[in-house]
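Accompanying notes for the structure given below.
Every value quoted in this text rests on a predicted model; they were computed, and no experiment measured them. Values below: all heavy atoms of this structure, side chains included; hydrogens, waters and symmetry mates excluded.
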Amino acid sequence: MHITPNNPANPERDYFLLGKGHAASALYTTLAYRDYFSPTALYEHGQTGSQFEEHPGIHAPAGMETVSGSLGHALSLATGMALSKQLQGAKNRFYVLMGDGEINEGTVWEAAMFAAGKRLSNLVAIVDFNKLQGTGESTEIMHLEPLEEKWRAFGWHTMRVDGHDLGALEQALEAAKSIQQPVCIVADTVKGKGVSFMENDNNWHYRIPTEEEVAQAKQELGIS
């Protein structure tokens, strides 16, 4: 992505919209280490009045392009923004990360049809397909599979990769730049990947780890 941390409002920047706003903690951390703000500011996370809310709100820090809470809106926002830049002949690109549970929302598919109709080649959607959502298995709560074919039928160029393979993700994102239609990357992932007691356990959608569990997770992930 073309980003300018020293000028977050640069009109020529690329845009990243986090649909699954409950993953904001990861995005805050990424922005901190890309120099949008000091990593020490992250210690304010979740405190009263903090800009680092569990879902990004109206006081979100630099680098956050949109607020969140109710899921399913980021792709709709991105399509409007992408069309605006396309009409201007601008080179901005738009990236939207969504959860598989999030795509239960009808607004996602309305946006998908709109993006294909306008041939928004500056738009990439990534679906974090970990097969779990708040109340159970996402593929049982809604009939998601065959997910690639669904996006393809809506007029998107579709790819499927191992979401834990950063090299494969990078290749897919690079390839998307030369495709003259919106692109959807279905990224197969494992919830809690790398932590033995968290992997594929949907209780961790809500649970807060104890100090002992944090220590064990850090050990398993090789974090000092």
Atom CD of residue position Glu54 - does it have more than 12 heavy atoms of other residues, nucleotides or ligands inside 6.0 Å?
no
Contacts of Glu12 that satisfy side chain to side chain donor-acceptor pair (under 3.5 Å) - sequence neighbours left out
none
If you look only at pairs with a residue in residues 186-205, which of them pass as a salt bridge (charged side-chain N to carboxylate O under 4.0 Å, His left out), with sequence neighbours excluded?
Lys131-Asp188, Arg160-Asp188
Angle between ring planes, Phe52 versus Phe37, binned at 30° and 60°: parallel, tilted or perpendicular?
tilted
Acceptor/donor pairs from residues 68-77 side chains to any protein atom, 3.5 angstrom cut, sequence neighbours excluded:
from, atom 1, to, atom 2, distance (Å)
Ser68, OG, His55, ND1, 3.2
Ser76, OG, Thr107, O, 3.4

Neighbour count >12 (heavy atoms, 6.0 Å) for atom OH, Tyr33
no
Any residue meeting side chain to side chain donor-acceptor pair (under 3.5 Å) with Tyr36, in chain and number order, not counting sequence neighbours
none
Is it true that a side-chain atom of Asn122 and a backbone atom of Ala82 form a donor plus acceptor pair closer than 3.5 Å?
yes
Does Glu145 come within less than 4.0 Å of Lys150, counting only side-chain N to carboxylate O?
no
Please name the pair of heavy atoms, one in Ala172 and one in Ile185, separated by the smallest distance, quoted to 0.1 Å.
CB-CD1, 3.8 Å
Report, as yes or no, whether the 6.0 Å neighbourhood of atom CD1 on Ile208 holds more than 12 heavy atoms from other residues, nucleotides or ligands.
no
Heavy atoms of other groups near Glu211 CD, more than 12 under 6.0 Å
no
Counting N and O atoms only, with roles assigned by atom type, does the side chain of Trp156 sit under 3.5 Å from a partner on the main chain of Ala112, one being a donor and the other an acceptor?
yes
Taking atom CZ as the centre, does Arg207 end up with more than 12 heavy-atom neighbours from other residues, nucleotides or ligands that are less than 6.0 angstrom away?
yes
Residues passing the side-chain contact (heavy atoms from CB on, under 4.5 Å) test with Thr4, sequence neighbours excluded, are His2, Asn6, Asn7, Asn10
Partners of Ser178 by side chain to side chain donor-acceptor pair (under 3.5 Å), sequence neighbours excluded?
none
Does His164 have more than 12 heavy atoms from other residues, nucleotides or ligands lying within 6.0 Å of its NE2?
yes
Without hydrogens or angle criteria, can the side chains of Ser138 and Asp100 be said to hold a donor-acceptor pair below 3.5 Å?
yes
Taking the basic N atoms (NZ, or NE/NH1/NH2) and the acidic carboxylate oxygens, is any pair closer than 4.0 Å for Glu65 and Arg13?
yes
For Ser196, does its backbone N or O pair with a side-chain atom of Glu220 as donor and acceptor, under 3.5 Å?
yes
